[in-house]
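Nothing here was measured: the structure is a model prediction, and the numbers come from that model. Below, read A as the first sequence line, B as the second, and so on, with proteins coming before strands; counting in each chain starts at 1.
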2 protein chains.
Amino acid sequence: MKLPDSNLLNGLNFSGGPGALPESVLRQVQESILAVPGVGLSILGISHRSDWFAAVVAELESNIRQLLGLSADYHVLFLQGGATQQFSMLPMTLLAGRTQPAEYLHTGYWSGKALPEARREGPVRVLWSGETEGFRRLPSDGELDFRADAPYLHYVSNETVEGLQFHRTLGRDDVPRICDMSSDFLSAPGEFDRYAMIYAHAQKNLGPAGVTVVVLKDELLREAPDNLPGFLDYRTQIAAHSIYNTPPVFSIYVVLLVSRWLRDEIGGLAAMDAINTRKAATIYRAIDASRGFYAGRAAQADRSRMNVAFNLPSPALEAEFIAAAQAAGFSGLAGHRSIGGIRASLYNGLKLTAAEKLADFMADFQSGRS
Amino acid sequence: MKLPDSNLLNGLNFSGGPGALPESVLRQVQESILAVPGVGLSILGISHRSDWFAAVVAELESNIRQLLGLSADYHVLFLQGGATQQFSMLPMTLLAGRTQPAEYLHTGYWSGKALPEARREGPVRVLWSGETEGFRRLPSDGELDFRADAPYLHYVSNETVEGLQFHRTLGRDDVPRICDMSSDFLSAPGEFDRYAMIYAHAQKNLGPAGVTVVVLKDELLREAPDNLPGFLDYRTQIAAHSIYNTPPVFSIYVVLLVSRWLRDEIGGLAAMDAINTRKAATIYRAIDASRGFYAGRAAQADRSRMNVAFNLPSPALEAEFIAAAQAAGFSGLAGHRSIGGIRASLYNGLKLTAAEKLADFMADFQSGRS
């Protein structure tokens with residue numbers, strides 16, 4: 001089978017994750033497989049104890065802080081194990097042995113995955129759950145009764161599966177605010193210095209699967225237990241600048257290249273947000289103009305700018321849509337296996353022109369069928 | 001600065017890890033950054049839930065079993081967190097709550113790293129330690145008193161830092177034998193079906209840092225606790241064929257390419273062993289011919305075929321050696337930071353010609369100085 005050009009295919013990759021990376025980054029990654037500029041060795045054969053790699057980590061820590069507008073008292077870590085490891089590492093550190101429950105929001109698939117891992121380590125209070133409503137909206141402030149004595153508040157800023165996104169900061173300033181931003185990290189400006197800890201795996205907006213960024217403050221760790229394995233102890237990782245044991249050198253290097261692209265080629269988070277907002281508006285406009293042929297899952301106010309989840313009038317039409325889209329070069333449009341339907345993920349690496357092409361395709365597909 | 005050709009530099013990379021990968025694999029990896037053959041998408045943007053990736057994992061499981069000569073009742077896992085995570089995950093699974101101690105050998109830097117992690121989870125008996133002798137030899141069978149009631153035996157087959165390697169299988173067949181083969185996995189044939197579990201991180205002989213291969217049998221897990229976080233539970237990972245949460249897709253794909261290279265281009269473990277034996281003999285011959293100018297660290301019988309650690313008459317000469325080697329295109333020759341000296345790592349990806357060039361360089365370097 002003759003495949004279409006890879007630039008076209010990569011450019012039309014709407015995968016929910018691992019997501020598409022910018023073409024200019026891919027070109028640099030490709031070069032580095034044989035020879036990292038200025039080093040001459042393959043990125044896959046460079047020691048993690050080299051001066052070069054220490055500089056990679058230092059620059060990336062600094063780039064992340066700069067992009068988020070955070071001061072140097074936030075540590076920036078690059079860990080393995082995905083957000084899933086954070087689901088456990090966080091309560092192991094802050095909840096084990098506590099009597100007051102940590103507060104969790106249950107707003108969709110991923111915040112639901114965090115719950116049993118937290119409950120295994122200590123007491124949890126679910127502040128609000130959208131489960132009975134099928135996760136089609138997020139709570140209003142009036143529905144959330146944050147308590148002052150909670151060890152921390154945990155929520156997921158963007159539910160990748162259902163396409164729900166908080167467009168505000170939740171919680172109280174006197175309780176550590178901890179957020180899983182895996183699927184909207186570095187997609188827009190925010191009040192990041194109001195969080196005690198933010199974590200995000202790389203494979204949406206940042207780079208390849210296999211590395212997770214954790215941003216956190218010392219004061220969060222004042223009462224952390226001393227009996228955790230080193231790789232699960234934030235303090236060990238902080239002291240080692242993420243090189244406690246061999247880190248995923250390649251993935252961290254790619255995240256560095258993406259951070260430079262975001263700063264230098266895009267121009268930072270405000271510029272990224274402007275592009276992301278237009279991308280999302282393009283697809284939601286196509287949905288809203290379809291007179292119900294395309295039905296968005298999320299309540300209007302809680303629509304995600306990263307993941308647009310929608311349905312067609314029948315599963316058969318959805319299958320037809322996905323097949324036709326694939327034939328046209330689009331990929332990654334099948335909804336998450338837990339809910340089906342269609343999902344267009346619009347991560348940082350996807351261009352506005354790709355969203356426009358998808359909107360055109362949606363209109364064309366509908367025109368013969370409704 | 002004009003750097004030498006990357007093929008030369010990669011070909012003379014004697015790094016202790018991440019180690020050099022074969023050039024033909026690097027070429028395929030480079031291609032996959034823009035487009036995986038038959039898929040057309042960048043390897044960095046392919047979903048871990050795709051049929052393509054499920055086939056990658058299935059083929060790699062099968063290739064590892066085939067190379068090791070293992071039956072299908074061995075599971076093959078691809079996990080994150082390095083061998084360090086296994087240092088904890090293993091005793092969490094097999095030692096927590098036990099009264100009989102697990103047996104550990106302390107033969108060098110890495111087996112020493114496993115000890116405190118095991119002790120945190122349960123009782124440990126150190127069968128033998130080479131610490132007071134400076135880790136220059138391995139124990140004989142007469143020095144090892146294996147007990148029948150130990151939950152398991154743990155040892156490290158090759159000590160990367162000190163250049164010590166067991167050339168036999170240790171322990172009793174009625175006690176689960178568990179081995180960290182991180183630095184000599186897939187380097188030679190062995191009695192692999194006598195082990196209950198083998199683990200090895202990828203960054204020596206297999207691929208990029210960020211993935212660890214674990215080979216184990218069900219019967220090892222019969223009494224495993226039920227309260228472990230999913231990502232630390234071997235049974236969860238087995239049931240999910242390593243796709244419990246998003247795995248390091250890129251690293252696993254590179255390991256697949258390396259497994260194909262080892263099988264198809266090299267011809268399997270016996271052929272690999274023949275090459276590795278000649279590489280090691282070439283460097284040890286240079287040491288033995290130097291009349292003491294180069295002094296090998298390891299006792300003759302325990303010399304590693306993967307890592308040749310040696311000293312020169314003074315630290316000043318060692319620094320001079322490393323600088324001169326670097327100027328000649330060699331890299332990665334500095335000894336581990338814990339002991340200094342020189343270390344030439346001869347992982348699978350390094351060619352015999354590279355070892356010959358290093359031996360020539362060693363003779364030339366000596367000729368003006370002794």
Side-chain angles (χ1 to χ4, degrees), chain A residues 1 3-7 9-10 13 15-21 26-27 29-30 33-35 38-49 80-85 87-88 117 120 201 203 207-211 227 229-232 244-251 254 331-332 337 349, chain B residues 1 3-7 9-10 13 15-21 26-27 29-30 33-35 38-49 80-85 87-88 117 120 201 203 207-211 227 229-232 244-251 254 331-332 337 349:
Chain A
M1 179 182 67
L3 288 164
D5 178 67
S6 68
N7 290 337
L9 291 178
N10 288 327
N13 183 358
S15 168
L21 294 182
L26 291 182
R27 297 274 169 201
V29 175
Q30 195 175 44
I33 296 298
L34 283 187
V39 178
L41 286 173
S42 165
I43 179 66
L44 304 182
I46 296 182
S47 170
H48 59 291
R49 300 286 175 193
Q80 297 188 61
T84 297
Q85 182 167 316
F87 292 166
S88 291
E117 305 304 332
R120 184 178 287 118
H201 60 220
Q203 65 265 22
V211 64
N227 60 348
F231 78 104
L232 295 176
Y244 168 63
N245 61 328
T246 313
V249 172
F250 171 80
S251 298
V254 179
S331 64
R337 64 198 187 287
Chain B
M1 180 182 65
L3 288 165
D5 178 67
S6 68
N7 290 339
L9 291 179
N10 288 327
N13 183 358
S15 168
L21 294 181
L26 291 183
R27 298 274 168 200
V29 174
Q30 195 174 45
I33 297 297
L34 284 187
V39 178
L41 285 174
S42 165
I43 179 65
L44 304 183
I46 297 183
S47 171
H48 59 292
R49 300 286 174 193
Q80 296 188 61
T84 298
Q85 182 167 317
F87 292 166
S88 291
E117 305 304 331
R120 184 178 287 118
H201 61 219
Q203 65 264 23
V211 64
N227 60 349
F231 77 104
L232 295 177
Y244 168 63
N245 61 328
T246 314
V249 173
F250 171 80
S251 298
V254 178
S331 64
R337 64 197 187 288

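A donor-acceptor pair is defined here as one N or O able to donate and one able to accept, closer than 3.5 Å; no such pair exists between the side chain of A/Asn10 and the backbone of B/Leu41. Listed for the A/Gln80 side chain is no donor-acceptor partner under 3.5 Å among the backbone atoms of B/Gln80.
A 4.5 Å side-chain heavy-atom check between B/Asn13 and A/Ile46 finds every atom pair outside the cut-off. In this structure, the side chains of A/Ile33 and B/Arg27 stay at 4.5 Å or more apart for every pair of heavy atoms. Inter-residue side-chain proximity for B/Pro208 and A/Val249 is flagged as unmet; no heavy-atom pair is nearer than 4.5 Å.
Not a single side-chain hydrogen bond (donor to acceptor under 3.5 Å, both in side chains) links B/Ser47 to another residue, sequence neighbours left out. Under the rule for a salt bridge (charged side-chain N to carboxylate O under 4.0 Å, His left out), B/Arg49 has no partner lying at least two apart in sequence or in another chain.
For the set B/Pro18, B/Ser6, B/Gly45, B/Ser15, the entry with the most heavy-atom pairs within less than 4.5 Å of chain A is B/Pro18. Comparing B/Ser251, B/Gly210, B/Gly40 by heavy-atom pairs within less than 4.5 Å of chain A, the highest count is held by B/Gly40. Looking only at heavy-atom pairs under 4.5 Å with chain B, the residue among A/Leu34, A/Thr84, A/Val254 that has the most is A/Leu34. Contact tally against chain A (heavy-atom pairs below 4.5 Å) for B/Gly230, B/Ser331, B/Pro248, B/Pro229: the top residue is B/Pro229. Highest contact tally toward chain B, considering only A/Arg337, A/His48, A/Gln30, A/His201, is held by A/Gln30 [criterion: heavy-atom pairs under 4.5 Å]. By number of non-hydrogen pairs under 4.5 angstrom with chain A, the leading residue of B/Gly19, B/Gly81, B/Ala20, B/Ala35 is B/Gly81.
Using a 4.5 Å cut-off between heavy atoms, A/Gln85 touches chain B through backbone and side chain atoms alike. Only the side chain of A/Leu232 comes within contact range of chain B, with heavy atoms under 4.5 Å apart. In this structure, the portion of A/Ser88 lying under 4.5 Å from any heavy atom of chain B is its side chain and not its backbone. With a 4.5 Å cut-off on non-hydrogen atoms, A/Phe87 does not touch chain B at all.
To the nearest 0.5 angstrom, B/Leu21 atom CG is 11.5 Å from A/Ile43 atom CD1. Separation of atoms CG (A/Asn227) and CZ (B/Arg120) is listed at 7.5 Å; rounding is to 0.5 Å. Here the CZ-CD distance, from A/Phe250 to B/Gln203, works out to 15.0 Å after rounding to the nearest 0.5 Å.
B/Ser42 pairs with exactly one of A/Leu26, A/Asn7, A/Val29 by the side chain to side chain contact (heavy atoms under 4.5 Å, CB included) rule, that one being A/Leu26.
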